[in-house]
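Note sheet for the following structure.
The structure displayed is predicted, hence computed values, not measured ones. Residue numbers start from 1 in every chain, and the chains themselves are labelled A, B, ... in the order their sequence lines are given, proteins ahead of strands. The figures that follow rest on heavy atoms only: side chains count, while hydrogens, waters and symmetry mates do not.
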Protein chains: 2
Amino acid sequence: MKPDCKFCKMKSPAAELLKPDEIDTLEQNCAQVKFSKGETIFREGTFATNIVYLRAGLVKIHMKGPIGEKILRLNKAPAYLGLPTTFGDRVNHYSATAITESEVCFISLDAFKNFIYSNGNFAYEIIMDLCRSELADFQRFTNLSQKQLPGRIAELLLCFSNHLFKSNAFELPLSITELANFVSASRESVSRQFSELSRLGIIELTHDKKLTILRKDMLDKISTNG
Amino acid sequence: MKPDCKFCKMKSPAAELLKPDEIDTLEQNCAQVKFSKGETIFREGTFATNIVYLRAGLVKIHMKGPIGEKILRLNKAPAYLGLPTTFGDRVNHYSATAITESEVCFISLDAFKNFIYSNGNFAYEIIMDLCRSELADFQRFTNLSQKQLPGRIAELLLCFSNHLFKSNAFELPLSITELANFVSASRESVSRQFSELSRLGIIELTHDKKLTILRKDMLDKISTNG
DNA sequence: ATATAAATGTGATATAAATCACATATTATG
DNA sequence: CATAATATGTGATTTATATCACATTTATAT
């Protein structure tokens with residue numbers, strides 16, 4: 001589908017800094033595609049040929065680990081998906097899969113590189129973006145590696161509530177099995193933790209994955225105490 | 001100490017792309033400092049006021065976690081230290097400490113920003129650098145979170161041997177306690193693993209931390225089998 | 001050099017979480 | 001719609017690893 005970048009209201013902060021002629025170039029080197037829930041946007045092991053910009057939707061970034069799939073992060077629009085795996089190597093080191101209906105712009109790598117070369121503000125914004133994600137990643141990995149399971153799950157739920165959905169009530173974007181490989185635990189253990197949180201009245205979780213945080217204070221405490 | 005960037009043989013790949021007048025600017029906005037083993041180069045929680053470039057030496061990047069210090073990565077020269085924590089927030093999210101005698105250049109943040117704005121090749125190289133480290137970090141975190149202790153330690157030793165020292169024999173750059181918080185385990189467990197690896201004749205470890213890998217094949221197997 | 005502190009090795013024990021086992025529910029699919 | 005396939009919940013058991021305890025070695029400071 002042909003995009004209309006000039007009047008696009010979902011431009012990235014970096015793209016907002018492009019000059020009119022650059023926006024024209026972008027428009028000519030950009031393809032907009034819809035993905036439904038569960039569809040793969042790019043896959044580990046394949047060649048990284050385009051810059052991938054998430055215009056709308058929610059996506060999981062995941063890679064094969066020694067004992068199975070590992071979810072590395074969730075990205076919600078607006079966000080570039082996998083700049084590091086596009087620039088860092090010819091081959092993708094991880095995959096991106098739509099969690100909800102999503103809209104993605106595929107941008108020609110060469111055009112994008114040229115923006116970096118020719119537009120310092122654009123380059124700077126991309127650098128800032130990469131830097132902020134690394135900070136968030138380090139923080140998450142440190143917590144994941146030091147907290148035990150109840151703390152890891154509490155943290156994840158708080159992250160969903162505070163940052164992703166900005167609400168105490170939301171639909172779990174991942175299955176229990178996926179949550180398990182996000183927090184690096186067995187699905188049985190995660191399932192038990194949810195039962196326990198429900199039993200204690202800290203959360204309410206319906207059969208159709210609607211989750212409500214009833215005692216955020218308790219979740220906070222569980223999250224910090226590991 | 002006044003640096004001599006023009007004739008410096010340890011320039012970063014990015015700095016190699018600077019034009020003569022930019023090199024002059026760099027030289028005027030750069031201070032070279034030596035750190036001895038154990039000295040802090042920058043500290044979590046303090047303001048990030050300079051770009052930090054490791055000209056020579058070996059450094060650990062570490063942050064406070066819920067149950068104690070966590071080592072995130074080792075950086076050997078040449079490398080920028082903590083670009084993400086310098087750009088991503090005003091305050092450092094992690095610390096850098098010299099593991100060996102090290103030489104560091106502190107570069108004015110404004111000068112560095114201007115290079116990004118004005119020199120696309122420089123900006124591109126910085127982006128590539130950030131991207132490559134994220135790939136390596138993701139890989140390491142996935143492995144650390146899925147492998148169990150013997151595999152994590154085997155992987156770390158192989159990484160030391162293959163990438164850091166490029167030799168089967170080297171001096172352990174970290175104490176047992178530090179290794180433990182690198183691989184997210186207790187120091188007792190790590191100590192036991194080393195005893196076991198020695199007992200099996202896979203490594204030899206002397207009292208003064210000189211380590212020799214005797215059976216790389218076995219380490220490889222332990223590393224892959226988790 | 002001696003005292004004091006910090007790091008290390010190793011056994012015994014406790015514990016978090018994985019695994020196994022199986023019932024039940026939910027979702028795809030011919 | 002029926003049947004298979006997949007995901008989930010929960011008890012019983014096992015296991016990896018943390019914790020505790022303490023001896024010993026190594027580093028640091030006075």
Side-chain angles (χ1 to χ4, degrees), chain A residues 36-39 60 65-71 97 99 143-156 171-200 203-211 222-223 225-226, chain B residues 36-39 60 65-71 97 99 144-156 171-200 203-211 222 225-226:
Chain A
S36 16
K37 186 177 167 150
E39 286 188 313
K60 66 170 173 177
I67 61 163
E69 211 60 20
K70 163 81 183 164
I71 296 184
T97 304
I99 293 180
N143 288 338
L144 278 182
S145 71
Q146 288 197 346
K147 287 181 185 175
Q148 46 199 68
L149 193 51
R152 302 208 294 273
I153 289 181
E155 179 180 324
L156 189 60
E171 192 179 331
L172 270 184
L174 299 171
S175 70
I176 298 288
T177 308
E178 287 174 308
L179 288 171
N181 67 48
F182 200 178
V183 301
S184 301
S186 72
R187 60 148 201 95
E188 292 97 324
S189 297
V190 173
S191 177
R192 266 185 267 268
Q193 290 298 325
F194 274 97
S195 304
E196 182 69 2
L197 288 172
S198 302
R199 200 182 60 77
L200 295 172
I203 63 168
E204 192 184 325
L205 181 57
T206 65
H207 44 82
D208 57 338
K209 300 239 168 293
K210 308 262 195 255
L211 186 140
I222 295 170
S223 172
N225 298 346
Chain B
S36 18
K37 186 177 168 150
E39 286 188 312
K60 66 170 174 176
I67 59 162
E69 211 60 21
K70 162 82 182 163
I71 295 183
T97 304
I99 293 180
L144 278 183
S145 71
Q146 288 197 346
K147 287 180 187 177
Q148 45 198 65
L149 192 51
R152 303 208 294 274
I153 289 180
E155 178 180 326
L156 189 61
E171 191 178 330
L172 272 184
L174 299 171
S175 70
I176 298 288
T177 308
E178 288 174 308
L179 288 171
N181 67 48
F182 200 177
V183 301
S184 300
S186 72
R187 61 151 200 93
E188 293 97 324
S189 297
V190 173
S191 177
R192 266 185 267 267
Q193 290 297 326
F194 273 99
S195 304
E196 183 68 1
L197 288 172
S198 302
R199 200 182 60 75
L200 296 172
I203 63 168
E204 193 185 322
L205 181 57
T206 65
H207 44 83
D208 57 337
K209 300 238 168 293
K210 307 262 194 256
L211 186 142
I222 295 170
N225 296 347

**Prompt:** Heavy-atom contacts under 4.0 Å between residues 171-182 of chain A and DNA chain D, which residues?
**Reply:** Ser175(A), Ile176(A), Thr177(A)
**Asked** Does Lys209(B) place a side-chain N or O at less than 4.0 Å from the phosphate oxygens OP1/OP2 of dA7(C)?
**Response** no
**Residues which pass salt bridge (Lys or Arg N to Asp or Glu O under 4.0 Å) with Glu39(B), listed by chain and number, not counting sequence neighbours** = none
**Request:** Identify the two heavy atoms, one from Lys37(A) and one from Ile99(A), that lie closest to each other, and give their separation to 0.1 Å.
**Result:** CG-O, 3.1 Å
**Prompt:** Using the C1' atoms of the five pairs at each end, what is the angle between the end axes of the helix from dA1(C)-dT30(D) to dG30(C)-dC1(D), to 10°?
**Reply:** 60°
**Glu188(B)/Arg192(B) under side-chain contact (heavy atoms from CB on, under 4.5 Å): CA gap, chis, key distance, verdict** = CA-CA 6 Å; Glu188(B) 293 97 324; Arg192(B) 266 185 267 267; 3.6 Å; yes
**Request:** Have a look at Ser191(B) and say if it touches a base, only the backbone sugar-phosphate, or nothing, with a 4.0 Å heavy-atom cut-off.
**Result:** base
**Message:** What I want to find out is whether Glu155(A) reaches Arg152(A) closely enough, with some N-O distance under 4.0 Å, to be called a salt bridge.
**Reply:** no
**Request:** Could you tell me whether the side chain of Lys147(A) and the main chain of Ser223(A) form a donor-acceptor pair under 3.5 Å?
**Result:** yes
**Item:** Whether Ser191(A) side chain and Arg187(A) backbone form a donor-acceptor pair below 3.5 Å
**Value:** no
Filtered N/O pairs between nucleotides 18-22 of chain D and protein, under 3.5 Å:
| unit_1 | atom_1 | unit_2 | atom_2 | d |
| --- | --- | --- | --- | --- |
| dA18(D) | OP1 | Ser186(B) | N | 3.4 |
| dA18(D) | OP2 | Ser186(B) | N | 3.3 |
| dA18(D) | OP2 | Ser186(B) | OG | 3.0 |
| dA18(D) | OP2 | Ser189(B) | OG | 2.5 |
| dT19(D) | O4 | Arg192(B) | NH2 | 2.8 |
| dC20(D) | N4 | Glu188(B) | OE2 | 3.4 |

Polar atom pairs (N or O), protein with nucleotides 24-30 of chain D, under 3.5 Å:
none

**Request:** Could you tell me whether Lys209(B) atom NZ has more than 12 heavy atoms of other residues or ligands within 6.0 Å of it?
**Result:** yes
**Fill in**
Sequence neighbours excluded, the answer for side chain to side chain donor-acceptor pair (under 3.5 Å) partners of Gln146(A) is none
**Message:** Quick one: does any side-chain atom of Lys70(A) pair with a main-chain N or O of Phe182(A) as donor and acceptor, under 3.5 Å?
**Reply:** yes
